[in-house]
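Beneath this line is the structure, given in structure tokens, with notes to follow.
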There are 2 protein chains.
Amino acid sequence: MRDRAATSRRILEAARELFAEHGYEQVTMRMIAAAAEANVSLINRYFGTKAGLFAQVVATGSTLEAVIEGDPEGLPARLAARMALRLHTGTVEQLTRTIDRAGTSPEIRAVLRARVEDAMIGAIAARLSGPRPRERAALAVTFILGVSSLRRLLGPEPLRDSDPAAVEARLIAVFTACLRP
Amino acid sequence: MRDRAATSRRILEAARELFAEHGYEQVTMRMIAAAAEANVSLINRYFGTKAGLFAQVVATGSTLEAVIEGDPEGLPARLAARMALRLHTGTVEQLTRTIDRAGTSPEIRAVLRARVEDAMIGAIAARLSGPRPRERAALAVTFILGVSSLRRLLGPEPLRDSDPAAVEARLIAVFTACLRP
DNA sequence: TTGACATGTAAACAAGCGTCTACTAATCCT
DNA sequence: AGGATTAGTAGACGCTTGTTTACATGTCAA
């Protein structure tokens, strides 16, 4: 046929970018359709509803796993290095930004919650030894989410023209304080 | 007359609570009017537009100033104590929550940015000595905003039934890592 | 007391939203 | 080759949104 798979993928990718950029509520079905060069009705046909599409976007987005895996001792340093790079380049992890900008729509809270709980807090906590690993992981995730919030509010400028090495050293201290037993 | 001042104040307070609870976009003019027991048209008459009302809410909301003032050495401890209390009671500062849940509406970004820049980052940075005070203050604000994000996504449960003293000690270490010269 | 002004009200407005229905057209299977 | 199935399209539907307009009512000054 005329390639349902390709169209479906174009819709998903267009939605992924738009949700990350403007947030769930600001993005309309027609915006997604236009960006994907597809018809609006196809979005509903393939993903059911707008919330369903968003759930798919969140569920299939890559998470921190590439950074998390490795020796647990080096975890704060790896998180700090990644964040320092992001701060310096002015970008934010796409999925983190999507989560931050999603707002408070009741229909999408469940999937957001599950994703943060499993793929962020749970993934970090699994690497930690010592008491209350989820509690410590949650603090690290707090900081990661905070960066998205700050950038949403202030744009990419703050912390950008800082000395990357100094920022990274500070971030290592922050993540260590969050995660150490 | 029929007390314009009182009606105006009821509208402002109703809007303040609703915006903090549900976020800017989820709150409708009719919700505010109902909560304030006022007519919808009066909101527009007194505040111009929905964005204008939101600007008024954000501009008049109390900030961290009570916590920030005092000796700079004790600032991390005071911030940590306040946050530990908030985490334990499951609440979040109203204005911080309003900012977090405001979403990405272009019409309100300017006022949000100004408020975070001046009343949070600027206020903390003014108390700091050493190099790049704004940069260090921004990291602390990152963490503060992150707590609002985490609670928006996960609700009040996480970090709630932890040992408050242990959490507070950890938070002191985090804020110290953010703010120390 | 009465006219003028401020306050409050109700209804409608136009626009935008997500979704659905009816239809066309392309591709596959036998 | 031709019916069946599926991808894609166009347009309307019902609803909600923020805002505005026209009107009623209460209050104060003269």
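Using a 4.0 Å heavy-atom distance criterion, A/Tyr46 is classed as a sugar-phosphate-only contact. If you check every strand for non-hydrogen atoms under 4.0 Å, A/Ser41 touches a base.
The phosphate of D/dG8 has OP1 or OP2 within less than 4.0 Å of a side-chain N or O from A/Thr7.
In this structure, the NZ atom of B/Lys50 is 8 Å from the P atom of D/dT19, given to the nearest Å. Between A/Met31 atom CE and C/dG18 atom P the separation is 10 Å, expressed in whole Å. Nucleotide D/dC13 holds its C1' atom 14 Å from the CG atom of A/Asn44, rounded to whole Å. As rounded to whole Å, 12 Å separates atom P of C/dG18 from atom CG of A/Leu18. Following rounding to the nearest Å, A/Met29 (CE) and C/dG18 (C1') show an atom-to-atom distance of 6 Å. Atom CZ in A/Phe47 sits about 14 Å away from atom C1' in D/dA7, given to the nearest Å. Rounded to whole Å, the distance from CZ on A/Arg30 to C1' on C/dC17 is 7 Å. In this structure, the CG atom of A/Leu42 is 13 Å from the C1' atom of C/dT19, given to the nearest Å.
Put simply, A/Ile124 and A/Ile172 are part of two different groups of oily side chains (I, L, V, M, F, W, Y) that touch within less than 4.5 Å, one to the next. In terms of hydrophobic clustering, with Ile, Leu, Val, Met, Phe, Trp and Tyr side chains grouped at heavy-atom distances under 4.5 Å, A/Met83 and A/Val92 are assigned to different clusters.
Nearest to the side-chain atoms of B/Arg45 among the listed nucleotides D/dG18, D/dT9, C/dT7 stands C/dT7.
With hydrogens and angles ignored, no donor-acceptor pair under 3.5 angstrom links the side chain of A/Arg4 to the base of D/dG8.
Two residues, A/Asn39 and B/Ala38, neighbour DNA chain C, and the one matched to the more 5' nucleotide by heavy-atom proximity is B/Ala38.
A/Phe143 CZ to A/Leu139 CG: the interatomic distance, rounded to the nearest 0.5 Å, is 11.5 Å.
A salt bridge is absent between B/Glu73 and B/Arg180: the closest approach of a Lys/Arg side-chain nitrogen to an acidic carboxylate oxygen does not fall below 4.0 angstrom.
The aromatic rings of B/Tyr24 and B/Phe54 stand perpendicular to each other, their planes meeting at an angle above 60°, with 30° marking the opposite boundary.
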